[in-house]
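Okay, so here's the structure we're looking at.
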Amino acid sequence: MSEQNQIPEIFLKPYDPSEHEKNIYKMWEDSGYFSPENLPGERTETFSIVMPPPNANASLHAGHALFVTVEDIMIRFQRMKGRKTVWFPGSDHAGFETQAVYEKHLQKQKRSRFDMTNEELRSEIWDFVQENKSLMEDQVRSLGASCDWTRELFTLDDRVIKIVHDTFKQLEEDELLYRGKRTVNWCPKHQTSFSNLEIEHEQRTSKFYYFQYGPFVIGTSRPETKFGDKYVVMHPDDERYAEYEHGQKIDLEWIHGPITATVIKDEAGDPEMGSGVMTITPWHSHIDFDIAKRHNLDFEQIIDWRGKLMSPAGEFEGMNITDAREAIVKKLDEKGLLVKVDDTYEHSVPCCYKCNKEIEPQIREQWFVKTKPLAEKAVAAVDDGNITFVTERDERVFRHWMEHIEDWPIARQIAWGIPIPAKVCTECGHGMVDLDDSITECTTCGGSVAQDPDTFDTWFSSGQWPLAVTDFPDGSDFTEFYPTSVMETGKDIIFFWVARMIMLGIYRTGQVPFEKVYLHGMVRDKKGVKMSKSKGNVIAPSEIQERFGTDALRMGLMVNNAPGSDMNLDPDKVNAYKKFANKIWNITRFVLDSTVNHDYTTAPEYSAVDQVLNSELEAVVKEITDLMEKDRFDLASEVVYHFVWDTFASKILEDSKVYINSEGGGTAQHARQRLLIAHLVTSLKILHPFMPFVTETIWQELPEEMKDQEILMVASWPSK
RNA sequence: GCGCGAUUAGCUCAGUUGGUAGAGCAGCUCCUUUACACGGAGAAGGCCGGGAGUUCAAGUCUCUCAUCGCGCACCA
């Protein structure tokens, strides 16, 4: 036996992922095949995915590992199928998220962002993000992502800002943008407003107070807002209060002495609730705001932006909300106005999703996007089949939200984001979009103007991400790859991101941004508990990769993980696929060992048994291909696993030993060798999207005669 | 309040159009036979949450009840 006919030495010891993964990735990246223009062969049909850009502020978590796995499987499959594939990577400045992370850093240094100018803060965060960005990119690489790094984009790159600014301007021209004094969800800690999506509702039991308010008894859970309450509201049909007229003035004794209250009859008053009578605080309540608008009532701010009581509170001015509450109740009690206290009142309280502190509704002049016209077109796109959802459930969820959508406040009072290109009149408050910094006086009143200090909601710019990465409107990628093929992301951001991309994509281009939506579920720990730092059950992908290898992690995340359903990441399961990687390794060793002298030039003469095995192989390939086409990677990966282990290794390989070991060779042995080679090559190919590293490592060691391409990543998907 | 999902082996979960119940882990009995002990052979384990219905046939479809979970909205 000559030297070059022996099997490669690396197969003499078990597969060690850490020895090969980095080199293999480098080979792929150096090959240029991540870029569509470099792919071998004639490719006409395109397949493109826009990567959900990971936050550039932290390490990857298990959710990232899942999306990289799913998208990489899609891309590798389509690449092998002969499509012109491109996967656009990116990184996200993640506005408020990143700023919140950075504020914690500042806190540790006993500093505060409120002592800094926006420019200083922005510059520090920029440096912080640049560091973490490359860390994040390396982790994406380590997961095997075959994305095109030459096309990488950061969400604060000029190209993105240009598109976002143009959209902003166009919305103004189309009268889909307005600046209005409206109730916003204000976080007193973070000093910014949020959209409804960014707040959480927490169930709490608190005290519900009943106070004598002239002839009425009013109920409230928030006595501290009641100083300015001079309107008393009831349902027009409430018989108990039929004697009172709408607009009637009533003199009564209140917190700071006698006041005159006005009766308002409004259908928002719920006769079933409390006494059926309430007073309203239009500045600090969505509902009250609406009532006040309907009846043209006065607005008065009671609580300041920091959550402290203001001058209407009299002697309570400057107190924070919780302290003031008890004090006010005490005073009303002393005045004999406290009727009773119900301390079993259950209600949900809006909280900041980040700090969990209570959200204080405030009126603030803000930019809003009118979303209804945009939403209608988005729903129409789904109706027309221009966008399909992989699961029906997601489509229903999407439709439901779209049909109940509200206008979108797009300004945030934070530094880390794209500044809003607008001027605001210092006298009348009028806002004007100003892309080229040319407006010097108010277009309404002629007053002086100032730069709007706010930045865009991250999701406003993220919503235009597919446009940015494809370089809308004139880029060649836009022409070639827009609409992209699939949007794959977490189901938790279907409203935040997916819905906004659809709306804004259609708005700017007239076309949907992607044809299909695949939403994955959440990754939880092995017991099914949501991972969180405070619970200490976070599983870092990098740790799993080190222990079991990236391929094993990918399989562990993929097998039996149905689209859209949550999954539990169990290290034991991942370990099973580590063993599987080694199994393939040893299958290869056996096949190479059994075919060292194989004559590739002679056509095999297959026996009847061989032919059955070959057709079974074809059938499995077909089954897997069909599942892949239907995005059922969870099932496809399981089928591959069982085919390779239970059929190929346990049966075919074992049965082959008698042929392989027989003396003298002959046509039966030759045919059997060819059959093993075909099975090996096909197995590596159909496994490649799921386990790219081990399959490519093996591929690089195979004799040239077995391969149709030097690199497995661009080899052709098996077919008849 | 509106909507959605789950309930299958001891544990964590699959089961694509209805056609003899599957995986990983744990556990049991053998096997250190030259591809692999990161292995092999074999066995065990499930009235597929309860009830009703459609069907020749239901884990799979319909209804209902129970328990758990999630989303959205509202809350004086």
Side-chain angles (χ1 to χ4, degrees), chain A residues 7 11-16 196-197 201 203-204 208-211 217-223 225-226 229 232-234 268-270 273-281 285-288 291 345-350 391-394 396-397 399-401 404 406 491-492 494-495 521-522 524-528 530 548-549 552 555-556 559-594 623 626-627 630-632 634-639 641-642 645-646 649-650 653-654 656-657 660-661:
Chain A
I7 63 165
F11 290 110
L12 298 180
K13 56 178 185 172
Y15 175 63
D16 179 1
N196 285 346
L197 283 176
H201 295 270
Q203 280 293 330
R204 284 189 193 163
F208 193 77
Y209 306 89
Y210 290 90
F211 298 116
V217 172
I218 57 157
T220 182
S221 60
R222 300 203 57 188
T225 63
K226 295 291 156 194
D229 289 10
V232 57
V233 180
M234 63 211 69
D270 179 4
M273 180 78 192
S275 59
V277 179
M278 62 177 170
T279 61
I280 58 170
T281 314
S285 157
H286 286 94
I287 308 270
D288 296 1
I291 296 170
Y345 177 60
E346 280 184 32
H347 62 152
S348 66
V349 181
T391 68
E392 285 177 36
R393 182 174 59 217
D394 293 329
R396 277 198 294 273
V397 171
R399 283 179 184 279
H400 184 261
W401 192 67
H404 299 88
E406 289 172 31
K491 68 177 182 184
D492 55 332
I494 180 170
F495 307 137
M522 301 298 102
R524 300 173 305 192
D525 75 1
K526 67 179 288 187
K527 293 282 179 198
K530 192 178 172 183
F548 308 110
M555 284 293 275
V559 177
N560 282 352
N561 180 12
S565 61
D566 292 346
M567 62 115 24
N568 302 350
L569 181 56
D570 182 354
D572 285 339
K573 183 179 173 190
V574 178
N575 190 37
Y577 296 109
K578 176 180 190 261
K579 294 178 180 176
F580 180 52
N582 194 54
K583 187 75 181 176
I584 306 155
W585 192 251
N586 283 295
I587 288 171
T588 307
R589 176 176 166 183
F590 177 85
V591 173
L592 291 183
D593 204 21
S594 307
E623 184 186 0
D626 288 348
L627 289 169
K630 285 191 282 186
D631 300 303
R632 294 307 303 266
D634 56 318
L635 302 176
S637 53
E638 200 195 13
V639 173
Y641 173 85
H642 287 295
W645 199 309
D646 300 340
S650 297
L653 230 78
E654 290 301 327
S656 298
K657 286 178 180 172
I660 298 305
N661 295 335

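Chain A is the first sequence line, chain B the second, and so forth, proteins listed ahead of strands; every chain is numbered from 1. Atoms considered below: every heavy atom in the structure, side chains included; atoms not considered: hydrogens, waters and symmetry mates.
Checked by distance alone, A:E654 brings a side-chain donor or acceptor within 3.5 Å of a matching partner on the base of B:A35. For A:K573 and B:C25, a side-chain-to-base donor-acceptor distance below 3.5 Å is absent, hydrogens and geometry of angles not being considered.
Under the Watson-Crick or G-U wobble criterion, with both distances below 3.5 Å, B:G59 has no partner in any strand shown. When Watson-Crick and G-U wobble pairs are counted only if both distances are under 3.5 Å, B:U33 pairs with no nucleotide at all. Summarising the base pairing, B:C13 is matched to B:G22 through a Watson-Crick or G-U wobble pair whose two defining distances lie under 3.5 Å. Nucleotide B:A6: paired with B:U67 (Watson-Crick or G-U wobble, both distances less than 3.5 Å). Judged by Watson-Crick or G-U wobble contacts below 3.5 Å, the nucleotide B:C72 has B:G1 as its partner.
With B:G15, B:G40, B:C72 as the candidates, the nucleotide lying closest to the side chain of A:W645 is B:G40. For A:N568, the side-chain atoms get nearest to B:C13 when compared with the rest of B:C72, B:G15, B:C13. Considering only side-chain atoms of A:L627, the nucleotide from B:U16, B:G24, B:G39 that sits closest is B:U16. Picking from B:A35, B:C74, B:A14 the nucleotide with the shortest atom distance to the side chain of A:I587 gives B:A35. Considering only side-chain atoms of A:D572, the nucleotide from B:C25, B:C74, B:A35 that sits closest is B:C25. In the set B:U16, B:G5, B:C25, the nucleotide with an atom closest to the side chain of A:A576 is B:C25. When distances are taken from the side chain of A:D634 to each of B:A41, B:G15, B:C38, the shortest belongs to B:G15. The listed nucleotides are B:A35, B:A73, B:U16; the one nearest the side chain of A:R632 is B:U16. Side-chain atoms of A:N582 lie closest to B:C36 of the nucleotides B:C13, B:C36, B:A35. Which of B:A35, B:C38, B:A14 sits closest to the side chain of A:N560 comes down to B:A14.
Across B:U33 and B:G39, the matching P atoms stand 16 Å from one another, rounded to whole Å. Here the separation of B:C38 from B:G22, taken at their C1' atoms, is 23 Å to the nearest Å. A gap of 14 Å separates the C1' atoms of B:C13 and B:A21, to the nearest Å. Separation of the C1' atoms belonging to B:A9 and B:G27 is 12 Å when rounded to the nearest angstrom. Taking atom P on both B:C68 and B:C31, the two are 50 Å apart, rounded to the nearest angstrom. Rounded to whole Å, the P atom of B:U16 lies 26 Å from the corresponding atom of B:A44. Annotation: B:A57 and B:G71 have their P atoms spaced 41 Å apart (nearest Å). To the nearest whole angstrom, the two P atoms, one in B:U8 and one in B:G59, are 15 Å apart.
Using a 4.0 Å cut-off, no side-chain N or O of A:K578 falls inside it from OP1 or OP2 of B:G39.
Atom CG of A:D566 is separated from atom C1' of B:U7 by 15 Å (rounded to the nearest Å).
The residue A:R396 sits close only to the backbone: its heavy atoms come under 4.0 Å of sugar-phosphate atoms, none of a base. Across all strands shown, A:H642 has heavy atoms under 4.0 Å from sugar-phosphate atoms exclusively, and none from any base. As judged by a 4.0 angstrom heavy-atom cut-off over every strand, A:A268 is placed among the base-contacting residues. Within 4.0 Å of A:S565, counting heavy atoms only, lie sugar-phosphate atoms of the nucleic acid but no base atom. Among the heavy atoms of the strands, none lies under 4.0 Å from A:K491. Nucleic acid contact class of A:D270 (heavy atoms, under 4.0 Å, all strands): base.
Centroid-to-centroid, the aromatic rings of A:Y577 and A:F548 stay 6.0 Å apart or farther.
Here the closest non-hydrogen pair linking A:P563 and A:R393 is O-NH2, 3.9 Å.
Under the 30°/60° scheme for interplanar angles, the aromatic rings of A:Y345 and A:H347 are found to be tilted.
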